[in-house]
Amino acid sequence: MENKRPLILISNDDGYHAKGLRSLIDMVSGLADLIVCAPESARSGFSCAFSATTPLRLKLRKRWEGVEIWSCSGTPVDCVKVALSQLCADRRPDMVIGGINHGDNASVNTHYSGTMGVTMEGCMKYIPSVAFSLCDHRDDADFTPLETIVKQITKRVLDDGLPKGVCLNVNFPLGQTFKGVKVARMARGTWTNEVVRCRHPRGYDYYWMTGEYINDEPAADDTDNWALTHGYVAITPTQVDVTSYEMIEQMKDWKLG
């Protein structure tokens with residue numbers, strides 16, 4: 001690849017074949033050279049998991065000018081680690097992008113998301129990183145309304161970077177147009193009814209993981225959930241450091257030891 005343009009490393013958790021990934025490639029290929037390394041099949045919900053006991057396979061799927069697409073047998077984080085080690089060894093990416101995910105990654109979904117796993121891994125490597133997600137789980141979701149904002153954010157981050165330890169979680173509501181963009185905090189929410197027990201004909205129980213999301217602060221108008229519900233694109237600056245500094249101060253009065 002030519003080194004005159006920036007280099008973006010892209011991955012996802014829906015697999016290298018996903019429409020959201022293909023759409024993202026089309027949107028940003030004019031801004032930078034691209035190395036894509038994505039799971040060989042869907043890996044939703046893998047968060048920051050990586051393969052500590054299983055060997056990984058890497059396969060070149062497609063290549064054209066300025067773009068390489070690889071698949072990896074591991075998790076989304078595996079894809080980033082392997083790509084940085086094996087595909088970007090001589091050229092450090094200027095940016096890491098996760099997505100575009102089929103389904104939102106707002107609120108506590110941030111902690112489960114493989115798309116955010118991609119972005120957090122890039123962030124932990126001190127590479128400016130962004131996750132893009134759309135509130136539409138369908139395989140044939142329409143990503144065209146996202147193009148302008150995806151390009152704007154990508155170009156801004158390429159030009160200006162992000163603070164070390166901070167990445168962006170960008171979620172789009174479902175629709176052909178958006179009311180605007182809100183920089184919002186992560187909503188407090190919980191998942192309920194997460195396990196469905198079924199009876200197998202051979203006489204044993206098995207379980208499906210599912211669930212219903214509950215927004216625990218529906219009236220709060222400064223959250224990502226509120227923005228999405230009201231037709232706005234939600235951008236949540238997200239940091240690697242999960243320390244509760246307020247609790248540190250409180251614990252100074254604890255009598256321990």
Side-chain angles (χ1 to χ4, degrees), residues 1 7-29 32-93 95-105 109-125 127 129-134 136-143 146 150 154 167 169-170 206-210:
M1 290 184 179
L7 176 64
I8 299 176
L9 172 60
I10 295 176
S11 191
N12 71 352
D13 68 2
D14 293 314
Y16 77 94
H17 56 278
K19 184 178 179 182
L21 181 69
R22 299 197 309 269
S23 298
L24 178 61
I25 292 170
D26 292 339
M27 292 175 191
V28 302
S29 59
D33 291 337
L34 309 179
I35 290 182
V36 180
C37 186
E40 60 186 16
S41 59
R43 299 285 190 273
S44 294
F46 272 67
S47 187
C48 289
F50 67 95
S51 300
T53 60
T54 306
L56 302 174
R57 299 181 304 277
L58 191 62
K59 183 176 181 179
L60 179 63
R61 297 290 180 170
K62 291 183 180 180
R63 176 188 282 143
W64 62 89
E65 184 177 359
V67 180
E68 293 180 5
I69 300 178
W70 297 75
S71 68
C72 175
S73 58
T75 69
V77 167
D78 287 333
C79 292
V80 177
K81 290 181 180 291
V82 169
L84 291 175
S85 171
Q86 303 299 310
L87 306 178
C88 305
D90 299 325
R91 188 180 174 196
R92 182 177 174 85
M95 184 175 178
V96 171
I97 300 180
I100 299 169
N101 191 64
H102 293 245
D104 80 89
N105 282 310
N109 293 341
T110 301
H111 296 294
Y112 299 115
S113 164
T115 304
M116 281 302 295
V118 167
T119 307
M120 293 295 283
E121 182 65 22
C123 190
M124 287 188 281
K125 295 292 193 292
I127 302 172
S129 301
V130 178
F132 293 113
S133 304
L134 172 64
D136 190 341
H137 289 90
R138 296 176 300 169
D139 291 340
D140 64 345
D142 181 10
F143 294 91
L146 286 58
V150 167
T154 300
C167 57
N169 181 16
V170 184
Y206 64 96
Y207 304 87
W208 284 106
M209 300 302 295
T210 177

dist E121:CD -> C48:SG (nearest 0.5 Å) comes out at 7.0 Å

Taken in chain and number order and not counting sequence neighbours, the residues that satisfy side chain to side chain donor-acceptor pair (under 3.5 Å) with T119 are none

Can you list everything that forms a side chain to side chain donor-acceptor pair (under 3.5 Å) with S51? Sequence neighbours excluded, please.
D78

Sorted by chain and number, sequence neighbours left out, side chain to side chain donor-acceptor pair (under 3.5 Å) with R61 holds for Y16, S71

The reported gap from CD in E68 to CD1 in I10 (rounded to nearest 0.5 angstrom) is 12.5 Å

Those residues that, when tested against R138, pass salt bridge (Lys or Arg N to Asp or Glu O under 4.0 Å) (two or more places apart)
D136

Nearest 0.5 Å, what's the CG-NE2 distance between N101 and H137?
7.0 Å

I'd like to know if the side chain of R22 and the backbone of H17 have a donor-acceptor N/O pair within less than 3.5 Å.
yes

Compare every heavy atom of S44 with every heavy atom of D14, then report the nearest pair and how far apart it is.
OD1-OG, 3.6 Å

Looking only at atom types and distance, does a side-chain atom of T154 sit under 3.5 Å from a main-chain N or O of V150, one as donor and one as acceptor?
yes

Qualifying residues under side chain to side chain donor-acceptor pair (under 3.5 Å), relative to N12, sequence neighbours excluded:
none

Please tell me if the side chains of I127 and L9 come closer than 4.5 Å, counting only heavy atoms from C-beta onward.
no

Could you tell me whether the side chain of F46 reaches within less than 4.5 Å of the side chain of D13, counting heavy atoms only?
no

Nearest non-hydrogen partners of V96 and G122, listed with the distance:
CG2-CA, 4.1 Å

Least distance between heavy atoms, V77 atom then G117 atom
CG2-O, 3.6 Å

Step by step, work out the side chain to side chain contact (heavy atoms under 4.5 Å, CB included) result for S129 and M120.
CA-CA 7 Å; S129 301; M120 293 295 283; over 6 Å; no

Any donor-acceptor N/O pair, T115 side chain to A131 backbone, under 3.5 Å
no

V36: which of I97, I8, I25 passes side chain to side chain contact (heavy atoms under 4.5 Å, CB included):
I25

Counting N and O atoms only, with roles assigned by atom type, does the side chain of S85 sit under 3.5 Å from a partner on the main chain of K81, one being a donor and the other an acceptor?
no

Can any side-chain N or O of S11 pair as donor or acceptor with the backbone N or O of V118 at less than 3.5 Å?
no

Side chain to side chain contact (heavy atoms under 4.5 Å, CB included) between F143 and M27, intermediate numbers included
CA-CA 10 Å; F143 294 91; M27 292 175 191; 4.1 Å; yes

Under the rule for salt bridge (Lys or Arg N to Asp or Glu O under 4.0 Å), what residues qualify as partners of K62, not counting sequence neighbours?
none

Considering non-hydrogen atoms only, spot the tightest contact between S73 and R57 and give its length.
OG-N, 2.8 Å

Closest non-hydrogen atoms of A38 and C79, given as atom of the first, atom of the second and distance, are C-SG, 3.4 Å

Can you tell me if CG on D139 sees more than 12 non-hydrogen neighbours from other groups inside 6.0 Å?
no

I69 side chain near L21 side chain, heavy-atom distance below 4.5 Å:
no

So do F132 and L24 actually touch side chain to side chain, heavy atoms under 4.5 Å?
yes

Contact summary for L7 and R91, nearest pair of heavy atoms:
CD2-O, 3.5 Å

Is a side-chain N or O of H102 found less than 3.5 angstrom from the main chain of G20, in a donor-acceptor match?
yes

Got a second to check how far N169's CG is from S113's OG, nearest 0.5 Å?
7.5 Å

